[in-house]
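Notes to accompany the following structure.
Values in this document were obtained by computation on a predicted structure and should not be read as measured data. Numbered from 1 within each chain, the chains take letters A, B, ... in sequence-line order.
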Amino acid sequence: MKIHNTLSNTLEEFKPINEDKVSIYVCGPTVYSYIHVGNARPLIVFDTLRRYLKYKGYDVDFVQNYTDIDDKMINRANQEGITVNELAAKYIQAYEKDAKELNVIPADSKPRATEHIGEIIKIIKSLEEKGYAYKTDDGVYFNTMAYENYGKLSGRKIEDMKSGARVAVDENKKAPSDFALWKSEKPGEPSWGSPWGKGRPGWHIECSAMSMKYLGETFDIHGGGTDLIFPHHENEIAQSEGATGKPFVNYWMHNGHININNQKMSKSLGNFFTIPEIAEKFDLEVLRFFMLGVHYRSQVNFSFELMEQANQALNRLYTAKLRWEGLAGEGKPSGEMEQLSQKTKNTFEENMDSDLNTAGALGALFEFVRSANFMLDNNPEAADAKLALSTLNELSGVLGILYRDMTVLPEEIKELAEKRVQARKDKNWALSDELRDKIIKMGYTVEDTAEGQKVKKK
RNA sequence: GGCGCCAUAGCCAAGCGGUAAGGCAGAGGUCUGCAAAAUCUCCAUCACCAGUUCGAUUCUGGUUGGCGCCUCCA
């Protein structure tokens, strides 16, 4: 499998440290608000990576943190009139609900920054001993000038940053690129004791502490959005490698951003949709499918029109699935279907092996649906619907789609459907059409077949 | 100012040296109640210019247009 590594900016053959085990760390959310569509992308991308690695036979150790202490947390907690801890609990819960609806497998470890203060202090101490950190009036800073490899991930030079700095240089810092490891206590803010006095950890150090605690000083894959490359990931490398003297991460993977009208979707620009907002209009599976339609490193423009397109495409897959489920009982071993199935898997894997090309893999899935349908139409006796179904299920499982149970209908819909069957018996077409439109309006589709009427979720 | 990325049909999107996957929309066929659903078929020479090559959408240089990072940000 080839993976694009931000460190080398090239496609590299993926070789895990342990032959059959892969360790992955993905930067999680700061839990001060609901996540938006952009935040959902790394969730979906790295969950799909995880699923695919499992499909390939690897054991995956997946860690995602929660940043539950920083300026935004404190401000928001004050605004809502609750403690930082209560705020974190509230939005972690919301996050996990969204993740579940996106069919994201819960991480093996979900560490919180505030529960790892001890580990954080240990790293800062070690950095201080090695001369990579210095103390100022408002905290402890990392000395980027002292770390020779600073900039190796983002390709930035400290000198360039000086000249291009858009923000006033902090007087306390030796260089503009230096960053806080520990922030001294301010009145009214949560704080913890440390060798440098009471205070709280800087943002970057948390991820170093938590990733190394759960995955070791060197691990396989670290993921996140492209915006994290600098400074966050650059700083993580400096701290971690500075403290341990060992390589921190072998493969850095970064997903592209979601745009709205060709502009980055972000909280600061205010042009974002939260996941709960999307969930009002679409099942979150549609969002997952939509994102899988584009390579994870590309930017994607988000719109409800595009979501509708994705919804239609997803429906096509569900239609095939439902149909094959109905036929599966009649499945007979078929060499032809076996061949088609194998060919599909090959194409699917080729694409996934090529830096997680989910769009290409999806293409293979759609082609499979068409070809298998063709076989089932032309020679249902010989075609193996059971095998078609299991292939579809296996591959869609890797992508984390087609997980909804479309056969369970609400009572309300059932009633309408029954009425419609009667109307059709009476040849009351006007009433039948009216009922059909009602059902469609409620998010379901109706299909008339030789055996009768089929109603399913849209 | 520094550093990157991108430009493929009405829309979305793979491919990245040998003559364009897939989806949505659209058109036509089958089926049907004149319908719907389902299903099948059809629908592009890859922003522009100049090079390299037997051959370029794919490589190089340039032009134009768009986006991102350099500040919290997925």
Side-chain angles (χ1 to χ4, degrees), chain A residues 6 9 26-30 32 35-46 67 70-72 151 154-157 159-168 176-177 203 223-232 234 254-259 262-269 272 289-290 292-295 297-301 303 305-317 319-320 322-323 347 351 354 357-370 373-374 376-378 424 427-430 432-433 436-437 439-440 445-450 453-456:
Chain A
T6 309
N9 198 223
V26 179
C27 288
T30 300
Y32 71 107
I35 60 166
H36 65 225
V37 175
N39 297 304
R41 175 116 98 145
L43 266 176
I44 293 163
V45 166
F46 294 107
T67 295
D70 82 336
D71 292 343
K72 287 181 303 241
S154 58
R156 283 170 213 289
K157 296 185 180 74
E159 305 83 71
D160 293 343
M161 282 180 255
K162 275 183 191 163
S163 52
R166 283 195 273 146
V167 175
S177 48
W203 174 40
T226 50
D227 55 342
L228 294 183
I229 294 173
F230 190 89
H232 188 233
E234 191 69 67
H254 296 279
N255 62 272
H257 279 143
I258 304 290
N259 289 174
N262 274 323
Q263 268 222 310
K264 178 181 167 179
M265 174 186 292
S266 76
K267 288 185 178 167
S268 45
L269 287 172
F272 62 89
F289 180 87
F290 166 70
L292 292 175
V294 187
H295 188 96
R297 284 196 287 125
S298 307
Q299 292 178 164
V300 197
N301 225 2
S303 75
E305 193 194 328
L306 260 15
M307 282 289 281
E308 195 45 62
Q309 285 190 14
N311 192 208
Q312 289 305 326
L314 225 206
N315 275 170
R316 191 176 160 78
L317 256 26
T319 302
L322 255 31
R323 179 188 177 197
T347 312
N351 278 292
S354 171
N357 185 352
T358 52
L362 232 29
L365 217 52
F366 277 101
E367 263 184 294
F368 175 67
V369 166
R370 184 154 41 76
N373 263 332
F374 187 82
L376 291 163
D377 282 342
N378 286 291
R424 291 177 65 77
K427 295 206 184 293
N428 185 346
W429 305 123
S432 162
D433 287 357
R436 182 196 68 220
D437 291 346
I439 292 170
I440 289 174
T445 59
V446 199
E447 178 189 346
D448 300 320
T449 67
Q453 170 186 261
K454 276 188 194 163
V455 182
K456 63 180 185 185

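Contact between A:N351 and A:A361 at its shortest, heavy atoms only, is CB-N, 3.6 Å. Taking every heavy atom of both residues into account, A:N255 and A:P42 meet most closely at OD1-CB, 3.4 Å. Closest approach of A:A320 and A:V369 over heavy atoms only: CB-CG1, 3.6 Å. Heavy atoms only, all atoms of each residue included: A:N301 and A:F290 are closest at O-CZ, 3.4 Å. Heavy atoms only, all atoms of each residue included: A:R41 and A:H295 are closest at NH1-O, 3.4 Å. The two atoms that bring A:V294 and A:Q299 nearest to each other are CG1-O, 4.5 Å, heavy atoms only.
Checking B:rC72, B:rA74, B:rA21 against every side-chain atom of A:E367, the shortest atom distance belongs to B:rA21. When distances are taken from the side chain of A:N255 to each of B:rC40, B:rA13, B:rA74, the shortest belongs to B:rA74. Residue A:F230 has its side chain nearest to B:rC69 when only B:rC69, B:rA14, B:rU39 are considered. Candidate nucleotides B:rA25, B:rC67, B:rA74 were compared by shortest atom distance to the side chain of A:Q312, and B:rA25 ranks first. Listed nucleotides: B:rA13, B:rU39, B:rC11. Nearest to the side chain of A:N373: B:rU39. Ranking B:rA74, B:rC72, B:rC40 by closeness to the A:P231 side chain, first place goes to B:rC72.
Taking atom CG of A:D227 as the reference point, atom P of B:rC70 lies 7 Å away to the nearest angstrom. Atom-to-atom, CZ of A:R323 to P of B:rA38 comes out at 12 Å; the value is rounded to the nearest Å. Between A:N259 atom CG and B:rC12 atom P the separation is 13 Å, expressed in whole Å. Atom CG in A:N357 sits roughly 16 Å away from atom P in B:rG23 (whole-Å rounding). Taking atom CD1 of residue A:I229 and atom P of nucleotide B:rC72, one finds them 15 Å apart after rounding to whole Å. Atoms CG (A:L292) and C1' (B:rA14) sit 14 Å apart, rounded to a whole Å. The interatomic distance linking A:N39 (CG) with B:rC72 (P) rounds to 17 Å, in whole Å. Residue A:K267 contributes atom NZ, which lies 6 Å from atom P of B:rA74 at whole-angstrom precision.
With both pairing distances under 3.5 Å, B:rG1 is matched to B:rC70 as a Watson-Crick or G-U wobble pair. Across every strand in view, B:rU39 sits in a pair with B:rG29 that passes the Watson-Crick or G-U test at under 3.5 angstrom.
An OP1 or OP2 oxygen of B:rG22 is reached within less than 4.0 angstrom by a side-chain nitrogen or oxygen of A:R370. For B:rG23, the OP1/OP2 oxygens have a side-chain nitrogen or oxygen of A:R316 closer than 4.0 Å. Residue A:K264 places none of its side-chain N or O atoms closer than 4.0 Å to OP1 or OP2 of B:rA74.
A:H295 comes within contact range of the sugar-phosphate backbone alone, with a heavy-atom separation under 4.0 Å but no base atom that close. At a threshold of 4.0 angstrom between heavy atoms, the contacts of A:N262 are confined to the sugar-phosphate backbone, with no base atom among them. Base engagement by A:I258 is indicated by at least one non-hydrogen atom pair under 4.0 Å involving a base atom. A:G223 comes within 4.0 angstrom of no nucleic acid atom, judged by non-hydrogen atoms across all strands. Backbone-only engagement by A:G293 is indicated by non-hydrogen atom pairs under 4.0 Å involving sugar-phosphate atoms exclusively.
Residues satisfying the side-chain contact (heavy atoms from CB on, under 4.5 Å) test with A:T67, not counting sequence neighbours, are A:T30, A:N65, A:W203, A:E206. With sequence neighbours excluded, the residues that form a side-chain contact (heavy atoms from CB on, under 4.5 Å) with A:Q309 are A:E305, A:L306.
Toward the 5′ end of RNA chain B lies the nearest nucleotide of A:A364, the other residue of the pair A:L269 and A:A364 mapping further downstream. Checking A:F289 against A:V300, the closest nucleotide of RNA chain B that is more toward the 5' end is the one next to A:V300.
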Each nucleotide N or O in nucleotides 4-10 of chain B that has a protein N or O under 3.5 Å away: list the pair and distance.
none

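Contact check for A:R156 versus A:E234: no side-chain heavy atoms found under the 4.5 Å cut-off.
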